[in-house]
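So the structure is just underneath, and the comments pick up after that.
Order of the sequence lines fixes the chain letters, A, B, ..., with proteins taken first and strands second; residue numbering starts at 1 for each chain. Note: hydrogens, waters and symmetry copies are ignored here, and every other heavy atom, side chains too, is used. Keep in mind the model is a prediction, meaning the values are calculated, not measured.
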Number of protein chains: 2
Amino acid sequence: MLSKRAKYAIKTILFLQDHPELVPASAKLISERETIPYKFLENILRDLKTHQLVKSVRGAEGGYALAKDPSMISIAQVMRAMDGPIALIPCISERFYESCPECTDEETCRIRKLFAEVRSEMVPILERPITTLAKSK
Amino acid sequence: MLSKRAKYAIKTILFLQDHPELVPASAKLISERETIPYKFLENILRDLKTHQLVKSVRGAEGGYALAKDPSMISIAQVMRAMDGPIALIPCISERFYESCPECTDEETCRIRKLFAEVRSEMVPILERPITTLAKSK
DNA sequence: ATAAATCCTATAGAATAGGTATGAATTAAA
DNA sequence: TTTAATTCATACCTATTCTATAGGATTTAT
Ligand code: FES
Ligand code: FES
């Protein structure tokens with residue numbers, strides 16, 4: 001399951017997508033509108049920033065905005081920044097690969113085969129740009 | 001990511017599938033062959049039993065075997081027994097449904113829509129009977 | 001100057017993960 | 001009938017992660 005952290009992050013990114021990009025959105029505003037605990041959100045925003053997903057403007061009237069064009073941002077990116085790998089087992093993760101200590105042979109591992117298939121179905125969906133997430137009013 | 005518990009459970013189920021069903025496999029045997037910590041495995045086996053995935057024979061020469069025909073067992077069942085929902089968010093889980101406290105409207109939730117799609121791709125793969133996991137020698 | 005922000009570090013409580021300890025109950029075989 | 005192998009049950013333990021909060025330093029528009 002997705003962590004709350006990741007879920008909050010996704011909501012934040014979606015909020016920023018909808019927000020007019022001329023004025024940055026303050027953490028306070030996001031916190032109120034999306035009902036995310038303020039201090040927790042600050043934390044998440046810092047993390048999103050280090051992962052280059054949002055950029056910030058300091059000082060009064062400051063806030064956050066998407067760091068790049070929404071067409072270049074995906075939910076997968078947010079998930080990886082918050083929770084790490086999308087794959088359900090480490091041995092098939094592209095970016096967070098680790099070998100399975102208890103499996104002797106990756107090539108013939110039945111578990112691995114199955115979860116590789118799962119991953120290859122999940123990833124394309126999660127990697128779609130957030131612009132494809134239509135806001136049905 | 002899958003918990004170790006779930007991974008061990010899957011390996012156990014696969015081991016039992018390969019094991020001749022006339023003689024039950026003892027926890028000790030499974031533990032050694034699959035390098036799963038013995039006491040932890042006992043724990044997992046008990047859980048698998050309450051979820052009706054394995055059955056047991058007590059006493060000396062006792063052990064465990066699959067509780068039903070392998071064609072009726074899927075990895076999804078094992079995962080649910082160990083880790084709970086397969087869905088990445090609770091509001092789209094079939095068996096472990098919970099509403100999302102911070103989402104006001106499920107119908108229009110963009111996150112929900114996306115993850116529903118993800119889930120609907122994952123589940124059929126994970127629900128295939130374990131007999132389809134060919135053992136490539 | 002002041003207020004509104006971000007930024008940074010540290011901490012705390014709760015839950016979960018991963019595993020261990022101890023021992024009782026059951027049963028086949030010696 | 002004793003012994004050894006095994007499941008069954010409960011409780012406990014330790015480390016980590018998750019979720020969140022606290023306190024303050026820094027930046028900047030007004
Ligand atoms: S090699 Fe990763 S699950 Fe077997
Ligand atoms: S309703 Fe579950 S994520 Fe929005």
Side-chain angles (χ1 to χ4, degrees), chain A residues 1-12 16 19 22-32 34-51 53-65 67 79 81-85 88-90 96 100-102, chain B residues 1-12 16 19 22-32 34-51 53-65 67 79 81-85 88 90 96 98 100-102:
Chain A
M1 294 261 285
L2 217 57
S3 70
K4 263 197 154 65
R5 200 179 163 73
K7 201 162 168 188
Y8 288 158
I10 293 172
K11 301 196 97 171
T12 298
L16 291 178
H19 192 77
L22 301 174
V23 273
S26 71
K28 180 152 173 272
L29 177 67
I30 302 170
S31 163
E32 282 165 359
E34 299 292 338
T35 52
I36 303 171
Y38 177 72
K39 279 297 191 181
F40 196 19
L41 176 61
E42 267 194 351
N43 210 293
I44 291 165
L45 281 165
R46 189 147 43 85
D47 212 351
L48 286 174
K49 190 185 173 183
T50 63
H51 283 88
L53 291 169
V54 307
K55 61 190 172 190
S56 65
V57 179
R58 303 189 63 168
E61 300 293 293
Y64 299 87
M79 287 174 65
M82 297 296 121
D83 287 355
L88 295 180
I89 46 177
F96 300 86
C100 297
E102 67 287 349
Chain B
M1 295 261 286
L2 217 59
S3 70
K4 265 199 153 66
R5 200 179 164 74
K7 200 163 169 187
Y8 289 157
I10 292 172
K11 301 196 97 172
T12 298
L16 292 177
H19 193 78
L22 301 173
V23 273
S26 71
K28 180 153 173 272
L29 176 67
I30 303 170
S31 163
E32 282 165 0
E34 299 292 338
T35 54
I36 303 171
Y38 178 71
K39 278 297 188 183
F40 196 20
L41 177 62
E42 266 194 351
N43 211 293
I44 291 165
L45 281 165
R46 191 148 38 85
D47 212 351
L48 285 173
K49 190 185 176 186
T50 60
H51 283 90
L53 291 169
V54 306
K55 60 189 173 189
S56 64
V57 179
R58 303 188 63 165
E61 300 291 293
Y64 298 87
M79 287 174 64
M82 297 296 120
D83 289 354
L88 296 179
F96 301 87
E98 279 178 62
C100 297
E102 67 286 349

Would you be so kind as to tabulate the donor-acceptor pairs closer than 3.5 Å made by side chains of residues 37-44 of chain A, with sequence neighbours excluded?
{"unit_1": "A/Tyr38", "atom_1": "OH", "unit_2": "A/Glu42", "atom_2": "OE2", "d": "3.1"}
{"unit_1": "A/Lys39", "atom_1": "NZ", "unit_2": "A/Glu42", "atom_2": "OE1", "d": "3.3"}

Looking only at heavy atoms, what is the nearest atom pair of A/Ser31 and A/Ile36, with distance?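 Closest pair (atom of A/Ser31, atom of A/Ile36, distance): OG-O, 2.7 Å.
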In the structure I gave you, are the side-chain heavy atoms of B/Lys7 and A/Glu102 within less than 4.5 Å of one another anywhere?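 A side-chain contact under 4.5 Å exists here.
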Residues in side-chain contact (heavy atoms from CB on, under 4.5 Å) contact with A/Ala81, at least two apart in sequence or another chain: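 Scan of A/Ala81 (side-chain contact (heavy atoms from CB on, under 4.5 Å), adjacent residues dropped) gives A/His51, A/Leu53.
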Under the side-chain contact (heavy atoms from CB on, under 4.5 Å) test, which residues partner B/Val23, sequence neighbours left out?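 So B/Val23 forms a side-chain contact (heavy atoms from CB on, under 4.5 Å) with B/His19, B/Pro20.
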Pairing residues for A/Lys11 by the side chain to side chain donor-acceptor pair (under 3.5 Å) criterion, not counting sequence neighbours: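 So A/Lys11 forms no side chain to side chain donor-acceptor pair (under 3.5 Å) with any residue.
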For nucleotides 16-18 of chain C, give me every protein contact, N/O to N/O, under 3.5 Å, one pair per line with atom names.
{"unit_1": "C/dG18", "atom_1": "OP2", "unit_2": "B/Lys4", "atom_2": "N", "d": "3.1"}

Protein-nucleotide distance ([X], atom [atom1]; [N], atom [atom2]), rounded to Å:
| X | N | atom1 | atom2 | result |
| --- | --- | --- | --- | --- |
| A/Leu41 | D/dT21 | CG | P | 12 Å |
| B/Ile36 | C/dG19 | CD1 | P | 10 Å |
| B/Met1 | D/dT17 | CE | P | 12 Å |

So, B/Asp47 side chain and B/Met82 main chain: donor-acceptor pair closer than 3.5 Å or not?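 No; zero donor-acceptor contacts below 3.5 Å.
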So does B/Ser3 get a backbone contact from the side chain of B/Asp83, meaning a donor-acceptor N/O pair under 3.5 Å?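 Indeed, once roles are kept as given, a pair shorter than 3.5 Å links the two residues.
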For nucleotides 1-12 of chain C, just jot down a letter per nucleotide in 5' to 3' order: B, S or -, based on protein non-hydrogen atoms under 4.0 Å. ---BSBBBB---
